[in-house]
J.: 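Before I ask anything, let me first share the structure, which is written out below as structure tokens.
Since we're looking at a predicted model, the values are computed, not measured. In this chain, residues are counted from 1 in sequence order. For ligands, and for the atoms within them, numbers begin at 1 and follow the listed sequence.
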Amino acid sequence: MFKKTILIATLIGLSSTSLASGHEVKPQTSAWSNQSLEAKIQSMPQGDAVRGQAVHTQMMCNACHGETGVSPSRNYASLNGQTEQYTLKMMLDYQAGRRWEHYKQADIMVKLAQAMNDQQIADVAAFYAEQAPSVWGNVKPLDPKIERLVRKGDVSRMITPCASCHGAHGEGKDITPALAGQVPEYFVRTMQSYKQKHRFNDVHEGMSQFTQDLTDTEIQALADYYATLGAKK
Ligand code: HEC
Ligand code: HEC
């Protein structure tokens, strides 16, 4: 994995030292409002899945995210079956440094997004949206307590049901990501980032609020739940 990162870093013109030290200075960006995000998404070019597949291969996205977006490793997010708008938003957020987590690994996404134009971003987003959702690992029985949290939420902690936004099958919609089949290690990491406010690219910090009162055990159980939920398209 380390060797692969260096190889890719060399290909996109980074030195291993700049990778190791990461971005020292966070670019100045303003947070999205619903209006500014909507306007930006509307202004993006139409994506093409066939061209997107070519970009995915040429820019070596496949090295970390797999040929069809199914991550071959527990280190990386899966992208197959993701909504087009969510992928657009993530690439724009990395590009502008809005998504700026403390993990060294996010750094490569910032550099790659900065090397892409709007058309290439739209094309990969169209490609991932066309790939079938999958299941990560062996299907396990769904924990009824967690299923309740997903479907009913928890009024006492002001947690809105996850399914009300992410869909009954974790299929996502527009800028709300699909969660079904997501790599559980990535899921836990990103939920903890929201909770600790290291990830702050969500509009009005909605996810940061929902994660505040979730326990580590619940976050892990939610990750296991969604990993094998099996989205229907
Ligand atoms: C060296 C490995 C590596 C390569 C190459 C790579 N990625 Fe990533 N990607 C990651 C990691 C690690 C994350 C999660 C980063 C984080 O935690 O912020 C990620 C996250 C993402 C996300 C956000 C996923 C989500 O669910 O929020 C998208 C979209 C994405 N990558 C697209 C791409 C595209 C497009 C390319 C090629 C241009 C690419 N990646 C190349 C490692 C990689
Ligand atoms: C009010 C709607 C809403 C609710 C309720 C909600 N989410 Fe989200 N969630 C979102 C949106 C929108 C995003 C994308 C934020 C961004 O742009 O970074 C998101 C992002 C995420 C991500 C990051 C996905 C990725 O690929 O990086 C995870 C994981 C997640 N939500 C899990 C949950 C869980 C678990 C619950 C229930 C406890 C929940 N969400 C409740 C709207 C919601």
J.: Check whether the side chains of Thr68 and Asn80 place a donor and an acceptor atom closer than 3.5 Å, and report yes or no.
T.: no

J.: Would Val70 and Phe127 show up in the same hydrophobic cluster when neighbours are defined by side-chain heavy atoms closer than 4.5 Å?
T.: no

J.: Do the side chains of Arg99 and Asp93 get close enough for a salt bridge, i.e. N-O under 4.0 angstrom?
T.: no

J.: Does Gly153 have a non-hydrogen atom less than 4.0 Å from ligand 2?
T.: no

J.: Between Arg189 and Glu185 (salt bridge meaning N to carboxylate O under 4.0 Å), is one present in this structure?
T.: no

J.: Is Glu218 salt-bridged to Arg157, cutoff N-O under 4.0 Å?
T.: yes

J.: Determine whether the side chains of Gln209 and Glu205 contain a donor N or O and an acceptor N or O closer than 3.5 Å.
T.: no

J.: Check this for me - ligand 2, Ser164, N or O atoms closer than 3.5 angstrom, yes or no?
T.: no

J.: Just to be sure I read this right, does ligand 1 sit under 4.0 Å from the backbone of Val55, its side chain, both, or neither, counting only heavy atoms?
T.: neither

J.: Is it the side chain (CB and beyond), the backbone, both or neither of Ala77 that lies under 4.0 Å from ligand 2, heavy atoms counted?
T.: neither

J.: Salt bridge check, Lys40 against Asp118: does any charged N sit closer than 4.0 Å to a carboxylate O?
T.: yes

J.: Going by the atom numbers of ligand 2, which of them fall below 4.0 Å from some non-hydrogen atom of Met90?
T.: 16 (C), 17 (O), 18 (O)

J.: Apply side chain to side chain contact (heavy atoms under 4.5 Å, CB included) to the pair Leu149 and Leu214, showing each step before the final yes or no.
T.: CA-CA 10 Å; Leu149 191 57; Leu214 289 174; 3.9 Å; yes

J.: Can you find an N or O of Tyr186 that's nearer than 3.5 Å to an N or O of ligand 1?
T.: yes

J.: Out of Trp100, Tyr94, Tyr76, whose heavy atom is nearest to atom 15 (C) of ligand 1?
T.: Tyr94

J.: Identify, by atom number and element, the atoms of ligand 1 in contact range of Met91, meaning under 4.0 Å from any of its heavy atoms.
T.: 29 (C), 32 (C), 35 (C)

J.: Below 4.0 Å from any atom of ligand 1, is there a heavy atom belonging to Arg189?
T.: yes

J.: Atom OG of Ser78 and atom CD of Gln82: how far apart are they, to the nearest 0.5 Å?
T.: 10.0 Å

J.: For a side-chain hydrogen bond (donor to acceptor under 3.5 Å, both in side chains) check, start with the C-alpha distance between Asp224 and Gln220, then their side-chain angles and the critical distance, and finish with the verdict.
T.: CA-CA 6 Å; Asp224 293 339; Gln220 182 63 56; 3.3 Å; yes

J.: Output yes when a side-chain donor or acceptor of Ser36 lies under 3.5 Å from a complementary backbone atom of Ser33, and no otherwise.
T.: yes

J.: Could you list the atoms of ligand 1 found under 4.0 angstrom from a heavy atom of Met60?
T.: 5 (C)

J.: Any N or O on Thr87 sitting closer than 3.5 Å to an N or O of ligand 1?
T.: no

J.: Give a yes or no answer on whether the side chain of His166 reaches the backbone of Leu179 with a donor-acceptor pair at less than 3.5 Å.
T.: no

J.: Would you confirm whether the ring centroid of Tyr128 sits within less than 6.0 angstrom of the ring centroid of His65?
T.: no

J.: Is the closest heavy atom of Leu79 to ligand 1 under 4.0 Å?
T.: yes

J.: Could you grab the protein N, O or S atoms closer than 2.8 Å to atom 8 (Fe) of ligand 2 for me?
T.: His166 NE2, Met207 SD

J.: State, to the nearest 10 degrees, the angle whose vertex is atom 8 (Fe) of ligand 1 and whose arms point to SD of Met109 and NE2 of His65.
T.: 170°

J.: How many angstroms lie between atom CD of Gln53 and atom CG of Asp123, to the nearest 0.5 angstrom?
T.: 11.5 Å

J.: Identify, by atom number and element, the atoms of ligand 1 in contact range of Tyr128, meaning under 4.0 Å from any of its heavy atoms.
T.: 34 (C), 35 (C)

J.: Check this for me - ligand 2, Gln82, N or O atoms closer than 3.5 angstrom, yes or no?
T.: no

J.: Please state which option from Met191, Gln182, Arg199 has its nearest heavy atom closest to atom 23 (C) of ligand 2.
T.: Arg199

J.: As an exercise, identify every atom of ligand 2 less than 4.0 angstrom from a heavy atom of Pro161.
T.: 5 (C)

J.: side-chain hydrogen bond (donor to acceptor under 3.5 Å, both in side chains) for Asp48 and Gln119? Distances and angles first, verdict last.
T.: CA-CA 9 Å; Asp48 178 278; Gln119 186 65 61; over 6 Å; no

J.: Is the shortest heavy-atom distance from the side chain of Ile175 to the side chain of Tyr86 under 4.5 Å?
T.: no

J.: Between atom OH of Tyr186 and atom OG of Ser71, what is the distance when rounded to the nearest 0.5 Å?
T.: 11.0 Å

J.: Hey, which atoms in ligand 2 end up nearer than 4.0 Å to a heavy atom of Asn201?
T.: 18 (O)

J.: Kindly identify the option in Phe187, Tyr194, Tyr86 whose heavy atom sits closest to atom 26 (O) of ligand 2.
T.: Tyr86

J.: Which atoms from ligand 1 have a heavy atom of Met116 less than 4.0 Å away?
T.: 38 (C)

J.: Which atoms of ligand 2 sit under 4.0 Å from any heavy atom of Thr160?
T.: 5 (C)

J.: Identify the protein heavy atom lying closest to atom 17 (O) of ligand 2, giving its residue, its atom name and the separation to 0.1 Å.
T.: Lys89 NZ, 2.7 Å

